[in-house]
**Student:** 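My questions all concern the structure below.
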Amino acid sequence: MSRERIPARHRPGSYAWLGPLALCLGIASWVLLVPGVVCAVGAVVCGAASVTTRGDHRLDITALLGIALGAAHVLVSIMLLLWTMR
């Protein structure tokens, strides 16, 4: 099992772009207000798919950051929703 750091564009297979896609969706979820929750859920799904399907390259920092940003956005949205309902 190799622990080399290889950029996404040089990784084999189409799953190599799930990590960067998760990061982009995570950032977009904070920039776009209305469709932000949808982007955040997409970031979590893409990041989780990246971590579970890519073998040697699964611990990708872009996927982990995308999951963190997306999950944080979802949690903040739920907290604000509960706060406004109160």
Side-chain angles (χ1 to χ4, degrees):
M1 193 186 273
S2 171
R3 296 285 181 203
E4 298 177 29
R5 294 189 181 263
I6 300 173
R9 67 175 179 250
H10 297 301
R11 293 181 190 160
S14 61
Y15 292 120
W17 290 101
L18 286 174
L21 180 62
L23 180 61
C24 289
L25 285 173
I27 292 170
S29 73
W30 287 98
V31 174
L32 305 172
L33 297 178
V34 176
V37 176
V38 175
C39 289
V41 171
V44 172
V45 169
C46 287
S50 174
V51 169
T52 59
T53 60
R54 289 206 348 241
D56 286 345
H57 304 292
R58 68 177 154 203
L59 292 179
D60 186 11
I61 192 69
T62 58
L64 297 177
L65 284 173
I67 291 171
L69 285 171
H73 187 101
V74 169
L75 288 175
V76 167
S77 297
I78 289 172
M79 287 184 349
L80 287 173
L81 178 69
L82 292 174
W83 186 57
T84 56
M85 289 175 56
R86 191 173 176 219

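This chain uses plain numbering: 1 for the first residue, then up along the sequence. Computed from heavy atoms alone, side chains included, the values below leave out hydrogens, waters and symmetry copies.
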**Student:** Any idea which heavy atoms bring Ala71 and Val44 closest together, and the distance?
**Tutor:** N-CG2, 3.6 Å

**Student:** Rounded to the nearest 0.5 Å, how far does CG of Leu23 lie from CG of Leu25?
**Tutor:**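 Answer rounded to 0.5 Å: 9.0 Å.
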
**Student:** Taking the side chain from Thr84 and the backbone from Leu80, do they hold a donor-acceptor pair closer than 3.5 Å?
**Tutor:**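 Yes; at least one donor-acceptor contact below 3.5 Å.
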
**Student:** For the SG atom of Cys24 and the CG atom of Leu69, what is their distance to the nearest 0.5 Å?
**Tutor:**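 These two atoms lie 11.0 Å from each other.
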
**Student:** Distance from His73 atom NE2 to Leu32 atom CG, nearest 0.5 Å?
**Tutor:**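 It is 9.0 Å, given to the nearest 0.5 Å.
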
**Student:** Quick one: do Leu65 and Trp30 end up in the same hydrophobic cluster if we chain Ile, Leu, Val, Met, Phe, Trp and Tyr together by side-chain heavy atoms under 4.5 Å apart?
**Tutor:**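 Same cluster.
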
**Student:** For residues Ala22 and Gly47, report the shortest heavy-atom separation together with the two atoms involved.
**Tutor:** CB-N, 3.5 Å

**Student:** If I compare all heavy atoms of Ala43 with all of Gly26, which pair ends up nearest, and what's the gap?
**Tutor:**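 So the two residues come closest at CB-N, 3.5 Å.
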
**Student:** Rounded at 0.5 Å granularity, tell me how far CG in Leu18 sits from CG in Leu21.
**Tutor:**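 The distance works out to 6.5 Å.
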
**Student:** Does Val38 belong to the same Ile/Leu/Val/Met/Phe/Trp/Tyr cluster as Ile78, with side-chain heavy atoms less than 4.5 Å apart forming each link?
**Tutor:**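 Val38 and Ile78: separate clusters.
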
**Student:** Given the rule that I, L, V, M, F, W and Y join up when any side-chain heavy atoms are under 4.5 Å apart, are Leu75 and Trp83 in one cluster?
**Tutor:**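 No, no single cluster joins them.
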
**Student:** Answer with yes or no whether the hydrophobic clustering places Val41 together with Leu82; edges join I, L, V, M, F, W, Y residues whose side-chain heavy atoms lie under 4.5 Å apart.
**Tutor:** yes

